[in-house]
Amino acid sequence: MSEDDVSTAEPGGNLSALAYRAIAGLIRSHDLRSGEAIVEAKLAEALAISRTPIREALQRLEGEGLIVKTAGRSYMVRRVTLTEYLQSLRVREILEPEAAAAAIGRISPAAIAEVRVAIDALSKAPAYSRDAHWTCDAQLHNLFVDACGNEIMAAMIRSLRATTHLFEIARLQDRLTPDNTEHVAILDALAAADAKAARKATQQHLRSLYKFAVEVLG
């Protein structure tokens, strides 16, 4: 990445934020894999950024639960076990339906329409993209989590989503059509301002994901 790339990508020169987005992207795409050591010098060289903003970004990622400190005070990508993954899904199944119901009346029609467009584009894409799949998934869930009006619950859900995202589930492409269909059902309920339907659609979506994980990994 050149200096021009840095200044264009991050107006105001906030290199820490730039480093955060780049490293988080590597983790979420599993280019930095579960349990892998994070080498500051290599990241600094790859991103053409000094080590100070890299350290600041790593501290932020540690706070979000994506990375952990090792005994040697360096960092590694947090390893998520199958048990932790499944248990996190179960807790999400309790919290997220309530967040969806609480978000009724707090989300603009324009925001709902924007996510609907993203889901449609993902469905019609000529080739599967794991990154696009994750991005669209985050758009949908963040839509109601951010609007639920309960920051404690929202923070818990974000932490649980970070945990489930770290787990490297196989055959993720097989979830594309079910995810899109289930996400549209959640959007329809939010658009109709139907709290009961929003709660049910969100619960069914998370139960479907849990069942899929058990079938794939069991």
Interatomic spacing from CD in Glu98 to CD in Glu96 - rounded to 0.5 Å: 11.5 Å
Show the atom names and distances, to 0.1 Å, of all donor-acceptor pairs under 3.5 Å that link a side chain in residues 46-58 to residues at least two apart or in another chain.
residue	atom	partner	partner atom	Å
Arg55	NE	Glu40	OE1	3.1
Glu56	OE1	Ser16	OG	3.4

Rounded to the nearest 0.5 Å, what separation is found between the CG atom of Leu172 and the NE2 atom of His133? 5.0 Å
Using 0.5 Å steps for rounding, measure from the CG atom of Asp131 to the NE2 atom of His30. 9.5 Å
When you measure from the side chain of Ser208 to the backbone of Gln204, do you find a donor-acceptor pair of N or O atoms at a distance under 3.5 Å? no
Test of ring centre spacing under 6.0 Å for His141 and His205: yes
Applying side-chain hydrogen bond (donor to acceptor under 3.5 Å, both in side chains), can you list everything that pairs with Ser29, at least two apart in sequence or on another chain? Asp31
Taking the side chain as everything from C-beta on, heavy atoms only, tell me whether Asp137 gets closer than 4.5 Å to His183. yes
Output all residues satisfying side-chain hydrogen bond (donor to acceptor under 3.5 Å, both in side chains) with Arg78, sequence neighbours left out; order by chain, then residue number. Glu84, Thr163
Partner residues of Gln59 under the side-chain hydrogen bond (donor to acceptor under 3.5 Å, both in side chains) criterion, sequence neighbours left out: none
Nearest heavy atoms of Ala195 and Ala101, plus distance in Å: O-CB, 3.8 Å
What is the minimum heavy-atom distance between Leu66 and Ala162, and which atoms define it? CD2-CB, 4.0 Å
Tell me, with the steps shown, if Ile119 and Cys136 meet side chain to side chain contact (heavy atoms under 4.5 Å, CB included). CA-CA 6 Å; Ile119 294 172; Cys136 189; 3.5 Å; yes
Between Cys148 and Ala99, which heavy-atom pair has the shortest distance, and what is it? CB-O, 3.6 Å
Side chains of Arg28 and Trp134 in contact at under 4.5 Å (non-hydrogen atoms): no
Assigning hydrophobic clusters by single linkage (Ile, Leu, Val, Met, Phe, Trp, Tyr; side-chain heavy-atom cutoff under 4.5 Å), is Tyr210 placed with Phe212? yes
Nearest non-hydrogen partners of Glu93 and Arg90, listed with the distance: OE1-NH1, 3.0 Å
What's the separation between atom OH in Tyr20 and atom CZ in Arg60, rounded to the nearest 0.5 Å? 4.5 Å
Evaluate the side-chain proximity of Ile186 to Leu190: yes if any heavy-atom separation is below 4.5 Å, no if none is. yes
Nearest 0.5 Å please: distance from the CD atom of Gln87 over to the OG1 atom of Thr83. 6.0 Å
Look only at the side chain of Thr181 and the backbone of Thr177, and say whether a donor-acceptor pair between them is shorter than 3.5 Å. yes
Is there a side-chain contact between Gln139 and Thr135, using heavy atoms and a 4.5 Å cut-off? yes
Indicate yes or no: at least one non-hydrogen side-chain atom of Asp188 is less than 4.5 angstrom from one of Arg116. yes
Got a sec, which residues hit side-chain contact (heavy atoms from CB on, under 4.5 Å) with Lys69, two or more places apart in sequence or on another chain? Glu62, Arg73, Tyr75
Would you call Tyr85 and Leu89 a side-chain contact if the rule is heavy atoms closer than 4.5 Å? yes
hydrophobic_cluster_shared for Met153 and Leu140, side chain cutoff 4.5 Å: yes
Spacing of CD belonging to Gln203 relative to CD1 belonging to Ile94, to within rounding of 0.5 Å: 9.5 Å
Any chain of hydrophobic side-chain contacts (each under 4.5 Å) joining Leu82 to Val91? no
Which residue is it: Thr164, Val214, Thr81? I am looking for the one with a side chain to side chain contact (heavy atoms under 4.5 Å, CB included) to Leu86. Val214
Linking I/L/V/M/F/W/Y whenever their side-chain heavy atoms sit closer than 4.5 Å, directly or via other members, would Val216 and Leu166 fall into one cluster? yes
Applying the 4.5 Å side-chain criterion to the ILVMFWY set and letting contacts propagate, would Val77 and Val80 be lumped into a single cluster? yes
Is a salt bridge present between Glu45 and Lys42, judged by a nitrogen-to-oxygen distance below 4.0 Å? no
Residues forming a side-chain contact (heavy atoms from CB on, under 4.5 Å) with Ala138, sequence neighbours excluded: Asn142, Arg161
Output yes when Arg106 and Asp146 qualify as a salt bridge under the 4.0 Å nitrogen-oxygen rule, no when they do not. no
Around atom CD of Glu64, are there more than 12 heavy atoms from other residues, nucleotides or ligands closer than 6.0 Å? yes
Steps toward side chain to side chain contact (heavy atoms under 4.5 Å, CB included) verdict (Leu143, Leu187): CA-CA 9 Å; Leu143 184 69; Leu187 281 182; 3.6 Å; yes
So which heavy atom on Arg92 is nearest to which on Leu206, and how close? O-CD1, 3.4 Å
Are any of the side-chain nitrogens in Glu182 or Arg207 under 4.0 Å away from the carboxylate oxygens of its partner? no
